[in-house]
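Step one of this worksheet: look at the structure below.
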Amino acid sequence: MKIRVKPRWILLSVFAVVAAACVVFVGVHTLYVQHKENSRPPAGELAAQIVQEIGCEDSYTQVPNASVQKYYPFTGSVVESQGMWLSKESSKAGELCCFRLRSTADAQQAKKVIGSRLQRKAQAFLGVSRDQYQLVQQAAVVQKDRYLLVAVSGDPQAEIDIFQKLLK
């Protein structure tokens with residue numbers, strides 16, 4: 001006695017297997033993305049690593065997290081974590097900041113605040129020190145995923161390279 005399977009049951013079985021495979025794939029992908037995001041360092045640690053790798057620990061000082069808001073007045077909960085280092089000498093424009101945003105959609109708003117800060121800083125050095133004014137004018141603002149880097153130095157490309165290497 002042969003058992004005959006109707007074609008619609010075969011199609012339904014194939015569809016069920018494909019749907020189950022899709023659900024498993026989406027679940028694994030979601031877990032991978034969450035793990036990748038959670039394994040990245042907070043912005044404060046990232047900034048400290050950059051300062052250490054460029055060898056500026058002696059000429060920069062870390063700004064406490066509670067005071068960063070004075071320099072970069074972000075509205076709402078745009079920033080998840082932050083790290084800021086300034087030149088120890090007030091006559092120097094050196095600055096390195098790293099921000100981890102809550103969402104990449106907040107990047108444009110954050111870049112406006114950063115641009116405003118850099119304009120104010122440039123105006124402060126305009127009549128005082130032409131070379132420091134030029135450093136601020138050539139500041140680098142770089143985004144990678146949810147991270148933003150602000151580098152004001154004689155060689156901002158070095159900070160950018162380290163930033164990108166650390167976030168790979």
Interatomic distance, CD1@Ile114 vs SG@Cys97, rounded to 0.5 Å, equals 7.5 Å

Sequence neighbours left out, what pairs pass ring pair (Phe, Tyr, Trp, His ring centres under 6.0 Å) with at least one residue falling in residues 82-118? Tyr72-Phe99, Phe74-Phe99

Applying side-chain hydrogen bond (donor to acceptor under 3.5 Å, both in side chains) to Thr75 and not counting sequence neighbours gives Gln109

Tyr60 side chain reached by Ser153 side chain, heavy atoms, under 4.5 Å: yes

Partner residues of Ser116 under the side-chain hydrogen bond (donor to acceptor under 3.5 Å, both in side chains) criterion, sequence neighbours left out: Arg120

Going by side-chain hydrogen bond (donor to acceptor under 3.5 Å, both in side chains), name the pairs with one or both residues in residues 41-57, residues two or more places apart or in two chains. Glu53-Lys165

With Gln138, which residues qualify under side-chain hydrogen bond (donor to acceptor under 3.5 Å, both in side chains), at least two apart? none

Should side-chain heavy atoms under 4.5 Å link Ile, Leu, Val, Met, Phe, Trp and Tyr, which residues sit in the same cluster as Phe15? none

Test side-chain contact (heavy atoms from CB on, under 4.5 Å) on Gln164 and Lys168 and set out the steps. CA-CA 6 Å; Gln164 291 176 340; Lys168 279 190 178 181; 5.7 Å; no

For Asp155, which residues count as a side chain to side chain contact (heavy atoms under 4.5 Å, CB included) partner, sequence neighbours excluded? Gln157, Ala158

Lys92: which residues meet the side-chain hydrogen bond (donor to acceptor under 3.5 Å, both in side chains) condition with it, sequence neighbours left out? none

With sequence neighbours excluded, give me every ring pair (Phe, Tyr, Trp, His ring centres under 6.0 Å) pair touching residues 114-142. none

For Lys88, does the NZ atom sit with more than 12 other heavy atoms under 6.0 Å from it, leaving out its own atoms? yes

pair Val113-Val78: side-chain heavy atoms closer than 4.5 Å: no

Look up atom CD in Glu159 and atom CD1 in Ile54, then write down how far apart they are to the nearest 0.5 Å. 4.0 Å

Considering residues at least two apart in sequence or located in another chain, which fulfil the side chain to side chain contact (heavy atoms under 4.5 Å, CB included) criterion with Ser67? Val63, Pro64, Lys70

Roughly how far, to the nearest 0.5 Å, is CD1 of Ile50 from CG of Leu96? 5.5 Å

When rounded to the nearest 0.5 angstrom, what is the spacing between CD in Gln108 and CG in Leu101? 10.5 Å

Counting C-beta onward and ignoring hydrogens, is there a side-chain heavy-atom pair between Arg102 and Val79 closer than 4.5 Å? no

I want to check something: taking the side chain as every heavy atom from C-beta on, are Gln119 and Gln123 in contact at a cut-off of under 4.5 Å? no

Is it the case that the side chain of Gln143 and the backbone of Asp145 share a donor-acceptor pair, with hydrogens and angles ignored and the cut-off at 3.5 Å? yes

When you compare the side chains of Glu95 and Ser87, does any donor N or O come within less than 3.5 Å of an acceptor on the partner? no

Roughly how far, to the nearest 0.5 Å, is the CD atom of Gln132 from the NZ atom of Lys121? 9.0 Å

Results of side chain to side chain contact (heavy atoms under 4.5 Å, CB included) for Ala43 - residues two or more places apart only: Ser81, Cys98, Arg100

State, yes or no, whether a side-chain contact exists between Val150 and Met84 at a heavy-atom distance under 4.5 Å. no

Drop me the distance from Ile162's CD1 to Leu167's CG, to the nearest 0.5 angstrom. 12.0 Å

Set of residues satisfying side chain to side chain contact (heavy atoms under 4.5 Å, CB included) with respect to Ser59, sequence neighbours excluded: Cys56

